[in-house]
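First the structure, in the form of structure tokens, and then the observations on it.
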There are 2 protein chains.
Amino acid sequence: MSDRPGRGHSGTPRRIPEATVARLPLYYRALVDIAEHRISTVSSERLAELAGVNAAKVRKDLSYLGSYGTRGVGYDVEFLLHQISRELGLTRDWPVAIVGVGNLGQALANYKGFGARGFRIAALVDADDDKVGREVDGLAIEPIRALPEIVAERQISIGMIATPAHVAQEVADLLVAAGVRSILNFAPAVVAVPDGVSMRKVDLAIELQILSFYQLRKGGPARRRDRAATGAMDVEEGLEQGLDGLHQGMAG
Amino acid sequence: MSDRPGRGHSGTPRRIPEATVARLPLYYRALVDIAEHRISTVSSERLAELAGVNAAKVRKDLSYLGSYGTRGVGYDVEFLLHQISRELGLTRDWPVAIVGVGNLGQALANYKGFGARGFRIAALVDADDDKVGREVDGLAIEPIRALPEIVAERQISIGMIATPAHVAQEVADLLVAAGVRSILNFAPAVVAVPDGVSMRKVDLAIELQILSFYQLRKGGPARRRDRAATGAMDVEEGLEQGLDGLHQGMAG
DNA sequence: CCCTCCTTGTGCACTCGCTCACAAGCGCGC
DNA sequence: GCGCGCTTGTGAGCGAGTGCACAAGGAGGG
Ligand SMILES: NC(=O)c1ccc[n+]([C@@H]2O[C@H](COP(=O)([O-])OP(=O)(O)OC[C@H]3O[C@@H](n4cnc5c(N)ncnc54)[C@H](O)[C@@H]3O)[C@@H](O)[C@H]2O)c1
Ligand SMILES: NC(=O)c1ccc[n+]([C@@H]2O[C@H](COP(=O)([O-])OP(=O)(O)OC[C@H]3O[C@@H](n4cnc5c(N)ncnc54)[C@H](O)[C@@H]3O)[C@@H](O)[C@H]2O)c1
């Protein structure tokens with residue numbers, strides 16, 4: 001915050017569209033790569049290429065953050081990295097709790113890719129007493145009934161639900177009651193959360209079904225091994241992914 | 001494109017919007033639940049509730065499949081289930097290959113939720129010779145160089161990439177070369193595929209960053225700044241998830 | 001000091017998806 | 001046989017997001 005270069009007359013530069021927010025992490029990742037190559041400036045064209053989007057979109061997206069580019073030159077990599085990172089809150093520490101330490105929960109707990117962006121697994125919680133006490137990657141599994149204290153003491157802000165689907169809503173309710181305001185749900189279930197709590201979901205089965213839908217309309221039902229199959233359904237590039245699921249109740 | 005589809009005839013009535021395709025799996029899941037309760041008809045209202053969407057949206061979505069409802073009554077559960085399932089290709093068998101049997105790959109391989117929808121893990125592939133030969137859930141891990149034969153012989157249609165990000169593009173290329181036309185990518189990397197190949201991605205880190213973005217503007221844990229305290233950022237319900245990522249090259 | 005080159009920032013037109021609201025249509029009771 | 005109530009199917013209006021194309025504007029060379 002502090003000094004707001006560019007167009008910050010008032011408090012917030014402008015509202016950042018949802019679609020833009022979803023792309024900022026892509027730019028961030030691309031910029032990290034660029035920075036590692038000791039490159040100091042980057043054009044929207046190049047950034048677009050690395051992020052896999054359109055150059056105009058990159059410029060428009062970045063313009064929501066402020067006028068951070070230099071005409072005729074491009075964007076300063078370090079500076080932009082800092083701005084995006086601040087905007088996304090990556091300069092902070094985000095303690096995460098994983099609820100349900102089964103197959104998926106363990107994989108998540110073992111995953112090393114979180115720390116870099118400030119997301120830190122701070123708690124593993126399960127309802128199975130046989131699992132409680134066991135350690136995963138140096139972190140002990142704790143009983144679900146301890147959730148309120150855990151969330152409060154460790155300032156947990158994000159909860160991941162990796163339990164069976166039929167208890168997902170119940171778990172979400174517990175997380176919310178404990179004070180968690182952001183939830184990432186991996187269970188294939190519709191989970192409702194009150195206003196003020198964000199919920200996003202990752203649903204494997206849906207992704208696969210979308211893929212099969214389109215595959216069905218490509219080479220025809222009877223799979224042929226030939227590649228010049230000439231699908232009857234010609235969808236041009238640029239179709240956006242997903243849109244599935246709700247992002248509920250962002251209010252404070 | 002040319003003629004007004006009408007319906008009634010056996011072909012595909014009309015083009016189904018991307019957003020609708022992404023929701024069909026939700027309806028499918030809700031309908032399965034309903035069918036298990038021995039309920040024979042369902043209204044759009046009820047279905048909407050169970051799928052977590054708006055009733056009008058349900059009706060419009062289902063209308064793309066054809067006029068399958070009965071006014072004053074609702075939709076026949078079994079019939080609708082069959083129609084959606086046919087539309088999504090769930091009546092078929094979809095052999096899936098997992099490339100990269102590490103943390104995540106193993107969790108996926110052990111996951112029991114695939115079979116129900118026709119998705120069957122038919123191959124586990126890894127580049128690490130130490131892993132090759134080991135079994136996961138009764139399926140042996142095979143060397144990546146055998147991919148072409150594996151894909152051809154087992155009629156693999158979908159590939160999942162669960163390797164480190166820096167080899168994701170390389171792996172995608174191998175999958176495409178082997179004949180796979182649908183890819184689900186879990187690696188945090190931009191992966192390009194040629195026309196005719198569908199690519200979807202699941203990116204944990206992006207989801208978390210989106211969550212932290214909104215959490216930051218809510219009146220977060222360490223609250224300081226912000227004039228209007230809590231209510232500053234009041235996003236109403238119904239914000240859609242994602243839009244991130246491309247669905248490239250659907251052409252045949 | 002001006003001119004040219006290059007890239008940003010954005011106005012605009014267009015597409016897509018969402019929601020509302022209501023007429024059409026079906027079944028059931030009278 | 002006829003209306004009545006309920007639910008579907010959809011036209012229309014609206015808002016969000018996208019991509020084009022270009023003017024605005026900084027940098028560096030002459
Ligand atoms: N494994 C995968 O690759 C995968 C892929 C996609 C989706 N999913 C979904 O993720 C979820 C977890 O999958 P999994 O394979 O890890 O299942 P799992 O059965 O291996 O693990 C579930 C864990 O949740 C715990 N649990 C059950 N009820 C609980 C409760 N009320 N509170 C706290 N913990 C509870 C169980 O003790 C268990 O440890 C499922 O909903 C599944 O559909 C998994
Ligand atoms: N583990 C998670 O929970 C998690 C969460 C989000 C994203 N991811 C992403 O999923 C991917 C896999 O994560 P992980 O934790 O399983 O990593 P991992 O290191 O445990 O597993 C990677 C596997 O890929 C194999 N591999 C490497 N190069 C290969 C190649 N060229 N061809 C075939 N196989 C190859 C390795 O031998 C290893 O078995 C990573 O890109 C990671 O960022 C993982």
Ignoring hydrogens and angles, write down the donor-acceptor pairs under 3.5 Å from the side chains of residues 69-80 of chain B, residues two or more places apart or on other chains.
from, atom 1, to, atom 2, distance (Å)
B/Asp76, OD1, B/Glu78, N, 3.3
B/Asp76, OD1, B/Phe79, N, 2.9

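Partner A/Tyr214 forms a side chain to side chain donor-acceptor pair (under 3.5 Å) with one of B/Arg181, B/Arg200, B/Glu18 and no other, that one being B/Glu18.
Between B/Leu65 and B/Ile16, some side-chain heavy-atom pair lies under the 4.5 Å cut-off. With a 4.5 Å cut-off on side-chain heavy atoms, A/Ile183 and A/Val191 do not count as touching. Proximity of A/Trp94 to B/Leu211: side-chain heavy atoms (C-beta onward) are nowhere separated by under 4.5 Å. B/Leu88 places a side-chain heavy atom less than 4.5 Å from the side chain of B/Pro25. In this structure, B/Ser44 and B/Leu62 have side chains that are not in contact, with every pair of non-hydrogen atoms separated by 4.5 Å or more. Contact annotation: the side chain of A/Leu204 approaches that of B/Leu184 to within less than 4.5 Å [non-hydrogen atoms, C-beta and beyond].
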Collect all protein-nucleotide pairs involving nucleotides 12-15 of chain C in which both atoms are nitrogen or oxygen and the distance is under 3.5 Å.
from, atom 1, to, atom 2, distance (Å)
C/dC12, N4, A/Lys60, NZ, 3.3

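Put simply, CZ on B/Arg46 is 13 Å from P on D/dT8, counting in whole angstrom units. Between the NZ atom of B/Lys57 and the P atom of D/dT8 there is a distance of 17 Å, rounded to whole Å. Distance CG (B/Leu62) to P (C/dG17): 16 Å, rounded to an integer number of Å. Across the protein-nucleic acid pair, B/Leu65 atom CG and D/dT10 atom C1' stand 15 Å apart, rounded to whole Å. The separation between B/Tyr68 atom OH and D/dT7 atom P is 22 Å, rounded to whole Å. Here C/dA21 presents its P atom at 14 Å from CD of B/Glu45, a figure rounded to the nearest Å. Look at CZ on A/Arg59: it is 15 Å from P on D/dT18, rounded to the nearest Å. Between B/Ile16 atom CD1 and C/dC16 atom P the separation is 15 Å, expressed in whole Å.
Closest contact between the side chain of A/Ser63 and the listed nucleotides C/dG9, C/dT19, D/dC20 involves C/dG9. Nearest nucleotide to the A/Glu18 side chain, out of D/dG17, D/dA21, C/dC20: D/dG17. Of the candidate nucleotides D/dC20, D/dT8, C/dT8, C/dT8 has the atom nearest to the side chain of A/Ser43. Distance from the side chain of B/Tyr75 is smallest to D/dT8 among D/dG17, D/dT8, C/dT10.
In terms of the side-chain contact (heavy atoms from CB on, under 4.5 Å) criterion, residue partners of A/Glu45 (sequence neighbours excluded) are, by chain and number, A/Ser43, A/Ala55.
Taking only side-chain nitrogens and oxygens, B/Ser67 comes nearer than 4.0 Å to OP1 or OP2 of D/dG9. OP1 or OP2 of D/dC20 lies within a sub-4.0 Å distance of a side-chain N or O belonging to A/Asn54. OP1 or OP2 of D/dT18 has at least one side-chain nitrogen or oxygen of A/Arg23 nearer than 4.0 Å.
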Using a 4.0 Å cut-off on protein heavy atoms (strictly under), produce a 5'-to-3' string for nucleotides 25-30 of chain C with B for base contact, S for backbone-only sugar-phosphate contact, and - for none. BBS---
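The side chain to side chain donor-acceptor pair (under 3.5 Å) contacts involving residues 28-37 of chain A comprise A/Arg29-B/Asp203, where partners must be two or more places apart or lie in separate chains.
Side-chain atoms of A/Ser182 and B/Gln215 include a donor-acceptor pair closer than 3.5 Å.
Between its opening and closing five pairs, the helix from C/dC1-D/dG30 to C/dC30-D/dG1 changes axis direction by 10°, a value rounded to 10 degrees.
Annotation: the span from B/Met160 atom CE to A/Leu208 atom CG amounts to 4.0 Å, rounded to 0.5 Å.
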